Structure formats: structure tokens, C-alpha cells
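Okay, so here's the structure we're looking at.
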Amino acid sequence: MWWERAVVYQVYPRSYADSNADGIGDLRGLISKLDYLEWLGVDALCLSPTFPSPNRDWGYDVADYYDVYPELGSLADLEELIVEAGRRHLRVLLDLVPNHTSDQHPWFHDPAKRGWYVWREPKPDGSPPNNWRAVFGGSAWTFDEESGQYYLHNFLPEQPDLDWWNDEVRAAFDEIMRFWFERGIDGFRIDVAHALVKDKLLRDNPRARPNEPPKWQQLGQWPKYNMGLPEAVDVHRRMRRVAREFEPERLLLGETYVLELEKLMQYLVPDGLQLCMNLVFLHSPFVAEELAGTVARTEELSPEHGIPVWHGSSHDDPRFASRWCGGDEDAIRCALIGLLSLRGACVLYQGDEIGMEVAPVPPDRRRDVAGRDPCRTPMVWRDDEGAGFTEPGVEPWLPIGDRSRNVETQRGDPKSILNLTHDLIQLRKHRLILSGAYEPVDEPEGVWAFRREGGALVALNLGDEDAALEDVHGAILIASDRARDEELVAGVLELGPLEAAIVATGEPG
């Protein structure tokens, strides 16, 4: 299927292109950039939420699953986007948020649908039903004075959790998915796919274990009973059945935000989500041994049908150009060569292709309750006022960061990060050399090297010293130093610090 080697480009619509000079990116702005995305060569666009929302969590608090948020455009605009993307052989995925709704969704105020949410009686002393903590801090329960009960929200109080043990909830989302599939949507990113189903007994979570990630240490507990339950797979299987009602079959890309590879594997079932995001890789340090170990372990654990998904940035996580690379252009080039050479699917977040970094957001401009604004600042198209995102003189919804890395300048420079990304995608799409199995190669300290079954050796020197790889014969197809493209290698591949290359060895792995 098309997604098995796909490059998916995640767009944060509010920050991509502003067509009407209100400082907010919109669907018509995105339509105006489709020619650029066709040139870049990506296979699909994945849009962060487009549904109507009060924006307490910037679209992840949905008030209506059947329409478009007016600031982004109209249903007709979205349908035009689907048509225009299709003309350019680009598929469109929407971001479906099934774990919770906005507290302004009509369902939450409909007495007949009260059972669609998780309501419980207080403990005898009036305290919440259990000790669960919300991701954004505080108790995961809010008391409702009118009913005398608590409702569950794993995120903000304005985001009440749906009860996925309720068959009516499951049926409602069957219809939501069909509605959009019938309009030509090629699939969904399933938000919080790992946490849809909660423990039926609502047992208290245990204290955070010493090996827990910083977030759970901060909350003081391991979310054993409200996140990461294997029963979510039953929901995924039902969603997959709906996806299979359509021809061609639609894609389900799961945001499986678990930080243990063994836990990730429970969602890799042949009749569930086709793709599951690997957050363990995203959170790995930019150290050759760490990245190589995470990839090797992922490959080792993955079932035969499993398709890995790799990404380094997102709207929730600091951009890899800053978090991994500290803004260093050589490191950014290495990261892109690694990401786009691995087996499976790759997700690029808007701006990754130009090495865009996180941008400082002063306190008076902050919009997001969880401090994720620096990941979401506007795309930089040109080095001028407005950055090509909006008209000069218009204040964008979030401040624009450094404009020195921009699409216009880089597209005209054959040695730029953007043209490296373009060329990597073309190599990936049109040459079988980056196909087939992943085989790790034992190389010097600081070097991450692997072979692809199609006949490529990929090597990244992430260390501080020169490195030499022995017994390499072939030609460099793409190097982080583009002056080395087409260089012949006769026995030894030499790489300087923060240098990477893809070599056609002519030897299938």
C-alpha cells in the first residue's frame, strides 16, 4: 500500500499560509502552497485539527466533528483542498480527536448522551473517584455542582473524556469517519490513539517508577490505568473495518504516545492501525549509539506486518533542528539523511525541510496552556516582513522566528537543506536502493550506519572526530556535503564530524 514507504507532511494550518491577511493561516493559504508540496515530493498532507473549536487546546477540543473552524475556512474550502491535492497526487489526512470533545460540544450537554462521557460519584469524603492526574496538571476529575458528580478529563477540564466502553460512542465515530471518507479524505491521524480506553474499575494509578519519563515524574504517577491500555486495540480494529469499507482502503495513522517500545508493539496488529508513531525514537538523544539502538530494537520487536514510522518534530514536540541539532546545519543534514533513509514511513513536520528551529515566544504572546507555542510559529517562506506567511504589517497569531532559513532562498540554492530534503525524497520514491530490510552495521564510535536491502549503505558520523568505514565500495548518491555526490568509494568511506552519506554499493543487503 502507498503508506508503507510514504513521506507524510504534517501541516499546522494556523501557521502555514495566511490568505486573507488576518494573521492566521487557513485552508486557502494551504491550497496556494500545493504546487510547492508537489515539487517537494511528499505523498500526503496531514492537517492538524480543522474542526470547529473554542481553541482552549487549539483545535484538540472539538465542538463539531462535521464542519470546519471558520477562521480556517469553510467546508467548501476543505473540499477544494481535497480536489486540488488529488490533482497533484497528494493525499489528505485529517486529525481526528476521539479521546475527548470540547465541553462546548452539544453531546456534553445532551442528557440522552450523558453516558457517552465518564461520570462518577465522589468518594464518601467528597473527593474525586480516584487519584488520576491530568496531563496538563491537577486532578483529572472536575466536580459538576448541578449533578453532584465528577467527570473525567485527561487533559484540560474543558476537554471531557468520552467513554469508549460505550457502543454508542463507537457507532458515532463510525459515522464521523464515513462522513469524511465519502468526501474524499484519504485517512486520519488518530489523536491520543493509545489512551482511548480507560480501566473499567478506575483503579488508582501507582506512583511514578524511577525509570518513568520526566512528564510522569512531574505528575508523580505512572498512568497505568488511564493511558496505554491494550484494550484500545479493539477500538482501532473497529476503525480499521470502517477504513476497509472504502476503495482504496483509507489510512489510520495512530498517535501512539507511549515511551516504551514494548508497549508500542501492542498496537501493531495486522487488522488495527496501519501506522503507529514511534515517540521513543523522537525522544532519543541525537547520539549515534542511542538512535541506532532504538531503530534496531524497533526492527527486532516489530511483527512481520509492522511498518515503522519515524519523525523528529511535531506540533507538540520541539523541532529536531533545535532539540537534536542545536541549530547546526551539518547536524540537520545528518538528521534528514537518517530519517528519510529508514525503512517504513516518515513524517516531516512543516519547516523540517528547511531546518526550521523553534522560535522564542515572549510571555505576552503565549497562546498555549502547555507551552508548545515555539513548535507552532509560522512557516518561513521568504526573508521579509511577514515571512511570506502573511502580509507585511499584519501581526501573525504567533511571532515569526528567524527568517534566514526560508523556502525562497533555499529553493534557489542547489546545496541547501531544502534541496537536500527534496533530493532525498526523490531518491526514496524513484530508486529501489532505499527499499527492503534494515540491517545495522557495526561501525566506529559515534557513527550510525546501516544497510538497506535494495543496495544502499547509509552512514552518519555524529561524533566529534573523523571516522573511516572499511570495506565500502560504490558511489555516493547523496551526501550531507553535496560536493561529494557521485564520488566513488573504493574500500574506505571517510566522514568528517557531522557528515553523512548514502552509498550505492551494488550489494543487496
Side-chain angles (χ1 to χ4, degrees), residues 7 9-10 12 15 40 214 277-295 309-342 346-361 371-380 400-407 409-410 413 415-425 443 445-450 458-467 478-484 495-502:
V7 178
Y9 187 90
Q10 184 194 353
Y12 196 79
S15 291
L40 185 60
M277 299 171 80
N278 185 338
L279 277 300
V280 180
F281 177 79
L282 182 146
H283 287 284
S284 295
F286 196 59
V287 175
E289 291 76 14
E290 296 278 356
L291 293 170
T294 298
V295 174
V309 182
W310 314 102
H311 64 307
S313 312
S314 80
H315 65 291
D316 284 334
D317 301 284
R319 293 177 173 278
F320 78 76
S322 297
R323 191 187 72 256
W324 275 349
C325 305
D328 185 288
E329 290 210 9
D330 291 335
I332 292 167
R333 293 168 186 274
C334 286
L336 286 165
I337 287 175
L339 277 167
L340 287 163
S341 298
L342 290 167
C346 176
V347 180
L348 293 178
Y349 180 49
Q350 64 179 57
D352 280 353
E353 74 272 24
I354 59 172
M356 191 168 160
E357 295 186 68
V358 295
V361 178
R372 296 165 293 184
D373 294 323
C375 313
R376 302 173 177 184
T377 55
M379 181 72 175
V380 182
I400 294 167
D402 178 21
R403 301 198 304 259
S404 62
R405 287 189 191 140
N406 65 79
V407 171
T409 300
Q410 291 197 28
D413 177 3
K415 296 182 178 180
S416 68
I417 296 171
L418 175 58
N419 274 296
L420 172 66
T421 307
H422 168 271
D423 294 349
L424 287 166
I425 292 173
E443 291 299 348
E445 183 179 356
V447 175
W448 173 24
F450 56 90
V458 183
L460 290 71
N461 180 8
L462 303 184
D464 298 325
E465 305 290 338
D466 291 346
I478 294 180
S480 54
D481 174 2
R482 301 307 300 275
R484 298 190 66 181
L495 295 173
L498 294 179
E499 188 176 7
I502 301 173

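Values reported hereafter were calculated over all heavy atoms of this structure, with side chains retained and with hydrogens, waters and symmetry mates removed. Computed from a prediction, not measured in an experiment: that's the story for all the values here.
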What's the separation between atom [atom1] in [X] and atom [atom2] in [Y], rounded to the nearest 0.5 Å?
X	Y	atom1	atom2	result
E290	H283	CD	NE2	14.0 Å
L498	D481	CG	CG	12.5 Å
L424	I502	CG	CD1	5.0 Å
L460	R333	CG	CZ	13.5 Å

Looking at L418, is its backbone amide N or carbonyl O close enough to the side chain of Q410 to form a donor-acceptor pair, meaning the two atoms are under 3.5 Å apart? yes

Would a distance-only check, ignoring hydrogens and angles, find a side-chain to backbone donor-acceptor pair under 3.5 Å from E353 to G351? yes

When you look at F450 and S341, which way does the side chain to side chain contact (heavy atoms under 4.5 Å, CB included) test go after all the steps? CA-CA 9 Å; F450 56 90; S341 298; 3.9 Å; yes

Residues which pass ring pair (Phe, Tyr, Trp, His ring centres under 6.0 Å) with Y349, listed by chain and number, not counting sequence neighbours: none

Ring pair (Phe, Tyr, Trp, His ring centres under 6.0 Å) against F286, all qualifying residues, sequence neighbours excluded: W324

Under a 4.5 Å cut-off applied to non-hydrogen side-chain atoms, are [X] and [Y] in contact?
X	Y	answer
D317	L279	yes
L342	V458	no
C375	Y12	no
M356	D402	no
L40	Y9	yes
F320	L282	no

So, using side-chain contact (heavy atoms from CB on, under 4.5 Å) as the criterion, who are the partners of [X] when residues are at least two apart?
X	answer
D413	K415, S416
V7	V42, D43, L340, L348, I425, R428
A467	V447, N461
D423	I478, R482

Closest approach of [X] and [Y], non-hydrogen atoms and distance?
X	Y	answer
S284	L291	CB-CD2, 4.0 Å
I337	A500	CD1-CB, 3.9 Å
C325	A335	SG-CB, 4.2 Å
V358	S322	N-OG, 3.0 Å
V287	L462	C-CD1, 4.2 Å
T377	A359	OG1-CB, 3.6 Å

Side chain to side chain donor-acceptor pair (under 3.5 Å) with H315: which residues, sequence neighbours excluded? Q10, Y60

Looking at residues at least two apart in the chain, or sitting in another chain, which of them share a side chain to side chain donor-acceptor pair (under 3.5 Å) with N406? T409

Salt bridge (charged side-chain N to carboxylate O under 4.0 Å, His left out) partners of [X], counting only residues at least two apart:
X	result
E499	R484
E357	R405
R376	D316, D368

Could you name each residue pair satisfying salt bridge (Lys or Arg N to Asp or Glu O under 4.0 Å) that touches residues 280-289, not counting sequence neighbours? none

